[in-house]
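Notes to accompany the following structure.
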Amino acid sequence: MPSCSPDCCLFQAVEIVKVWSEDGAGKVVEIPADMTSRDVCQLLVYKSHCVDDNAWTLVEHHPILGLERCLEDHELVVQVQASMSSDSKFLFRKNYAKYEFFRNPLNFFPEHMVAWCQESDGSIPQSQLLQNFLNSSSCPEIQGYLSVKEPGRRSWRKLYMFLRRSGLYYSTKGTSKEPRHLQLLSDLDDSNIFTIISGKKLHNCPTDFQFCIKPSKVRSDCKELKMLCAEDEQSRTCWMTAFRLLKYGIVLYQSYNVPQQRKSNLSPFTAPVRSVSENSLVAMDFSGRTGRVIDNPLEAQSAAVEEGQTWRKRSQRMNVLGSSSPLHPSSLSTVIHRTQVWFHGRIMREEAHKMIIQQGQVDGLFLLRDSQSNVKAFVLTLCHHQKIKHFQILPCEEDGQVLFSLDDGATKFTDLIHLVEFYQLNRGVLPCKLKHPCTAVAL
């Protein structure tokens, strides 16, 4: 049998992967067998001319099972594809919450759910929480009630659970954690954790906060899936985050640090970065010879209102004679927002909720859409403290000019782009600043 040439071996190592965008369009890419999820995302960002803010991810989607999960950045895409069934596919989507637990760990791990297997007097500071998860020699433990779907049936059973490095256990006697009362429900090494899509309809889930542990070898057999339901969003997020940390440990932290390391050594697939973060945007006063950061909240609020009025005056259009010409309702200002990544047109409230949930439910995640109840109005959908809120943006007319406001006319803007830029800098009447645009990209 003739030996394989280096060129032939190189050709054989290339695999075909198809990735789908939110609008149903697909893109076929050829990748080497050792290409990670992060590398594929970088390639798609480059090919699709997206803004690279390190929030893009590949999603493993199983429509028949009703499951999906975000691949970890270090996972090999070809390897994951080999374990997927023919009906499953990869989606290209943003996930702003991918590493949010490294930035705000206390928001992800409620004290009543965190226990320590190590003997302690309870004096371990919360700031040491992540170190205990990342240190393989420590024994962090998550505990609490979960509802478990009984195999082959549509009924559920509520049990007290313990998540450890060795696996997920349930107690056969109340909340006891004695070894003789613990039964292993699932290990971590050969399993992945998924979000359940339409869980109430498919699996009769008792709550909306469902998730699933799926053995890697399982392709389409529902009987081997471990269907679970938490009591609220915070506890579900805690269980799923802890599962990832206990399974991958320090590898997640290394992946989280990669974007910072890449700043000085950009990869060939990196697109220009333009990110807007709450930490980098502050209220400023430029009335003097040099700029000054406004520390006083009352002064900042006053400056915010004044800035909104200034922007409104500045954007008045001039006609050919040099005089002010009021905007006509059909002018550019009433349609220019439709070119923005955060505007999603005539989607329903339920679809807006779904998009926010899929992209991470972090503070400041937002989108704008047409109002369903008022054809002339718009709606700002915003996430804050894992809750999704809606704010109506109403048009108003002043001196024949169409303006937009979401605070009953206190602050007005000539178009929605000005409005969004203003609330990225100033919280105003909102619970938090606009930080992350909810984006759908066309591949």
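- Judged as a side-chain contact (heavy atoms from CB on, under 4.5 Å), and not counting sequence neighbours, the contacts of S216 are N192.
- Considering only heavy atoms from C-beta on, L67 stays 4.5 Å or farther from F211 through its side chain.
- Residues M348 and Q372 have side chains in contact (heavy-atom distance under 4.5 Å, counting atoms from C-beta outward).
- Between L168 and M161, the closest side-chain pair of non-hydrogen atoms falls below 4.5 Å.
- Of the inter-residue distances, the one linking L245 atom CG with L130 atom CG reads 6.5 Å to the nearest 0.5 angstrom.
- Between D73 and K98 there is a salt bridge, with a side-chain nitrogen of the basic residue lying less than 4.0 Å from a carboxylate oxygen of the acidic one.
- Side chain to side chain, D39 and T36 meet the donor-acceptor criterion of an N or O pair below 3.5 Å.
- A salt bridge links E75 to R69: one of the charged nitrogens lies within less than 4.0 Å of a carboxylate oxygen.
- In this model, a donor atom of one side chain and an acceptor atom of the other lie less than 3.5 Å apart for Q42 and D52.
- The ring-ring contact (aromatic ring centres under 6.0 Å, His included) test applied to Y145 returns Y160, not counting sequence neighbours.
- Considering only heavy atoms from C-beta on, D370 comes within 4.5 Å of R338 through its side chain.
- Formation of a donor-acceptor pair under 3.5 Å by the N426 side chain with backbone atoms of G428 is not found in this model.
- Shown here are the ring-ring contact (aromatic ring centres under 6.0 Å, His included) partners of H390, two or more places apart in sequence or in another chain: H353.
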**OP:** Apply ring pair (Phe, Tyr, Trp, His ring centres under 6.0 Å) to H418 and F404, showing your working.
**Re:** CA-CA 10 Å; H418 279 167; F404 299 96; over 10 Å; no
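- With sequence neighbours left out, the side-chain contact (heavy atoms from CB on, under 4.5 Å) criterion links S136 to no other residue.
- With hydrogens and angles ignored, the 3.5 Å screen pairs no side-chain donor or acceptor of S371 with any backbone N or O of V375.
- Of the N and O atoms on the side chains of N54 and Y256, not one donor lies less than 3.5 Å from an acceptor on the other residue.
- The two residues A230 and T207 make their nearest non-hydrogen contact at O-OG1, 2.8 Å.
- The two residues F162 and S171 make their nearest non-hydrogen contact at CE1-CB, 4.1 Å.
- Looking at residues two or more places apart in sequence or on another chain, you find no ring-ring contact (aromatic ring centres under 6.0 Å, His included) involving Y169.
- For F194, the ring-ring contact (aromatic ring centres under 6.0 Å, His included) test picks out H62, with sequence neighbours left out.
- Within the 4.5 Å cutoff, no side-chain heavy atoms of V114 are placed close to those of E141.
- Between the NZ atom in K433 and the CG atom in L430 there is a gap of 11.5 Å [rounded to 0.5 Å].
- Counting only distance, with no hydrogens or angles, the side chain of D399 and the backbone of Q401 share no donor-acceptor pair below 3.5 Å.
- Partners of C70 by side-chain contact (heavy atoms from CB on, under 4.5 Å), not counting sequence neighbours, listed by chain and number: T57, V59, N95.
- The side-chain contact (heavy atoms from CB on, under 4.5 Å) search around S405 returns D407, K412, not counting sequence neighbours.
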**OP:** For salt bridge (charged side-chain N to carboxylate O under 4.0 Å, His left out), just list the numbers for K89 and E68, CA-CA rounded to whole Å, side-chain angles, deciding distance to a tenth of an Å, and then say yes or no.
**Re:** CA-CA 10 Å; K89 57 186 178 181; E68 67 178 31; over 6 Å; no
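- Here the side chains of Y248 and H74 are in contact, with some heavy-atom distance below 4.5 Å.
- In terms of modelled atom types and a separation under 3.5 Å, the side chain of Q392 and the main chain of L406 share no donor-acceptor contact.
- Under the salt bridge (charged side-chain N to carboxylate O under 4.0 Å, His left out) criterion, R103 pairs with E100, sequence neighbours left out.
- Evaluation of the salt bridge (charged side-chain N to carboxylate O under 4.0 Å, His left out) rule for K247 yields no partner, not counting sequence neighbours.
- Using a 4.5 Å heavy-atom cutoff, the side chains of S235 and P110 are not in contact.
- Under the salt bridge (charged side-chain N to carboxylate O under 4.0 Å, His left out) criterion, the residue pairs touching residues 227-245 are E72-R244, K158-E231, E233-R236, with sequence neighbours excluded.
- Expressed to the nearest 0.5 Å, how far NZ of K354 lies from CD1 of I347 amounts to 11.0 Å.
- Atoms CE and CG, from M227 and N204 in turn, are 12.0 Å apart once rounded to the nearest 0.5 Å.
- One distance of note links CG of L76 with CG of D34; it measures 7.0 Å at 0.5 Å rounding.
- Outside the 6.0 Å centre-distance limit, the rings of F90 and W20 are not counted as a close aromatic pair.
- Remark: aromatic rings of F109 and F133 are close, center separation under 6.0 Å.
- E60 has its side chain within reach of M84: a pair of non-hydrogen atoms, C-beta onward, lies under 4.5 Å apart.
- Counted by atom type alone, K94 and Y96 present one or more donor-acceptor pairs between their side chains at under 3.5 Å.
- Residues in residues 187-197 take part in no salt bridge (charged side-chain N to carboxylate O under 4.0 Å, His left out) pair, two or more places apart or across chains.
- Judged purely by distance below 3.5 Å, without hydrogens or angles, the side chains of R369 and T381 pair a donor atom with an acceptor atom.
- For the atom pair W156 CH2 and K149 NZ, the distance stands at 7.0 Å (nearest 0.5 Å).
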**OP:** Determine, stepwise, if the pair T439 / W342 fulfils side-chain contact (heavy atoms from CB on, under 4.5 Å).
**Re:** CA-CA 6 Å; T439 306; W342 39 255; over 6 Å; no
